[in-house]
Amino acid sequence: QVRLVESGGGLVQAGASLRLSCTASGRTFSRYAMAWFRQAPGKEREFVAGIVWNNGNTYYADSVKGRFTISRDNAKNTVYLQMNSLKPEDTAIYYCAARVYSGSLYQVGEYNYWGQGTQVTVSS
């Protein structure tokens, strides 16, 4: 059974930084893609960033390019999301997700496994 546990959310002011962590367990993830999604109140869940575990290729939503960085630590089975220059519109619950890598990383419905989410609130 795959388990994803997120941590690192919080309340910060605009312009600050946060780093989210997602620790995965339950199987070998070399064939997987991992991603971060977010969901703001009243909005649909949206893709933020993704990484292919075996080759490290990364993908980002246009809204976070240049500000957010996704990375992984193979030894710790952990994926990180470094968020810099945070804006109030980044406020959301952030979810870690995993799927066997096959094609696009952007679609919510393609992911089999989800964490419980961590709240990020950015004040102006």
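A quick note: this is a predicted structure, and the numbers were derived from the prediction, not measured. Below, all heavy atoms of this structure are taken into account, side chains as well, without hydrogens, waters or symmetry copies.
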Exercise for review: Mind running side chain to side chain contact (heavy atoms under 4.5 Å, CB included) on N74 and F29 for me, showing each step along the way?
Suggested key: CA-CA 9 Å; N74 290 342; F29 291 93; over 6 Å; no
Practice item. Could you tell me the separation between the CE atom of M83 and the CZ atom of F68, rounded to the nearest 0.5 Å? Key: 5.5 Å
Revision key, fill the gap. Smallest heavy-atom separation, W114 atom then V108 atom, equals CZ2-O, 3.6 Å
Check your understanding: Between T58 (side chain) and I70 (backbone), is there a donor-acceptor pair under 3.5 Å?
Key -> no
Review point. Do Y32 and R27 have a side chain donor and acceptor closer than 3.5 Å?
Key: yes
Exercise for review: Please list, chain by chain and in numerical order, all residues satisfying ring pair (Phe, Tyr, Trp, His ring centres under 6.0 Å) with F47, sequence neighbours excluded.
Suggested key: F37, Y106
Check your understanding: Under a 4.5 Å cut-off applied to non-hydrogen side-chain atoms, are L81 and T69 in contact?
Key -> no
Check your understanding: Which distance, rounded to the nearest 0.5 Å, do you find between the CZ of R31 and the OG of S102?
Key -> 10.5 Å
Review point. Can you name the closest pair of heavy atoms from A14 and S124 and give their distance?
Key: CB-CA, 4.4 Å
Review point. If only atom types and distance count, is the side chain of Y111 paired as donor or acceptor with the main-chain N or O of A33 below 3.5 Å?
Key: no
Exercise for review: Using a strict 4.0 Å threshold on nitrogen-to-oxygen distance, state whether D90 and K87 make a salt bridge.
Suggested key: no
Review point. So T118 and I93, side chain to side chain contact (heavy atoms under 4.5 Å, CB included) or not? Walk me through it.
Key: CA-CA 5 Å; T118 185; I93 299 174; 6.0 Å; no
Exercise for review: State yes or no: do L20 and L4 share one hydrophobic cluster built from I, L, V, M, F, W and Y residues joined by side-chain heavy-atom distances below 4.5 Å, directly or via other members?
Suggested key: yes
Review point. Side chain of Y94, backbone of V48: donor and acceptor closer than 3.5 Å?
Key: no
**Study point:** Sub-4.5 Å side-chain heavy-atom contact between I51 and N57
**Key:** no
**Study point:** Approximate separation, where rounding is to 0.5 Å, of R38 CZ and E89 CD
**Key:** 8.0 Å
Check your understanding: Rounded to the nearest 0.5 Å, how far apart are OG of S30 and CG of N55?
Key -> 11.5 Å
Check your understanding: Do W53 and R72 have side chains that get closer than 4.5 Å, going by heavy atoms?
Key -> yes
Practice item. State plainly whether one hydrophobic cluster holds both M34 and Y60, where clusters connect Ile, Leu, Val, Met, Phe, Trp and Tyr through side-chain heavy atoms under 4.5 angstrom apart. Key: yes
Review point. Under a 4.5 Å cut-off applied to non-hydrogen side-chain atoms, are N54 and V52 in contact?
Key: yes
Review point. Same hydrophobic cluster for V79 and V5, using side-chain heavy-atom links shorter than 4.5 Å among ILVMFWY?
Key: no
Exercise for review: For T121 and Q119, test the side chains for any donor-to-acceptor distance below 3.5 angstrom and give the result as yes or no.
Suggested key: yes
Review point. Counting N and O atoms only, with roles assigned by atom type, does the side chain of E6 sit under 3.5 Å from a partner on the main chain of G117, one being a donor and the other an acceptor?
Key: yes
Point to revise | Within one Ile-Leu-Val-Met-Phe-Trp-Tyr cluster: Y95 and Y59, side-chain cutoff 4.5 Å | key: yes
Review point. Quick check: does any side chain N or O of T78 sit under 3.5 Å from a backbone N or O of K76, one acting as donor and the other as acceptor?
Key: yes
Review point. Taking atom OH of Y80 and atom CH2 of W36, what is their separation to the nearest 0.5 Å?
Key: 10.5 Å
**Study point:** Sidechain-backbone polar pair: R67 side chain, S85 backbone, donor-acceptor under 3.5 Å
**Key:** yes
**Study point:** Pairwise distance CD(Q82) to CZ(R19) - rounded to 0.5 angstrom
**Key:** 7.0 Å
Point to revise | Distance-only polar pair, side chains of N84 and S17, donor-acceptor under 3.5 Å | key: yes
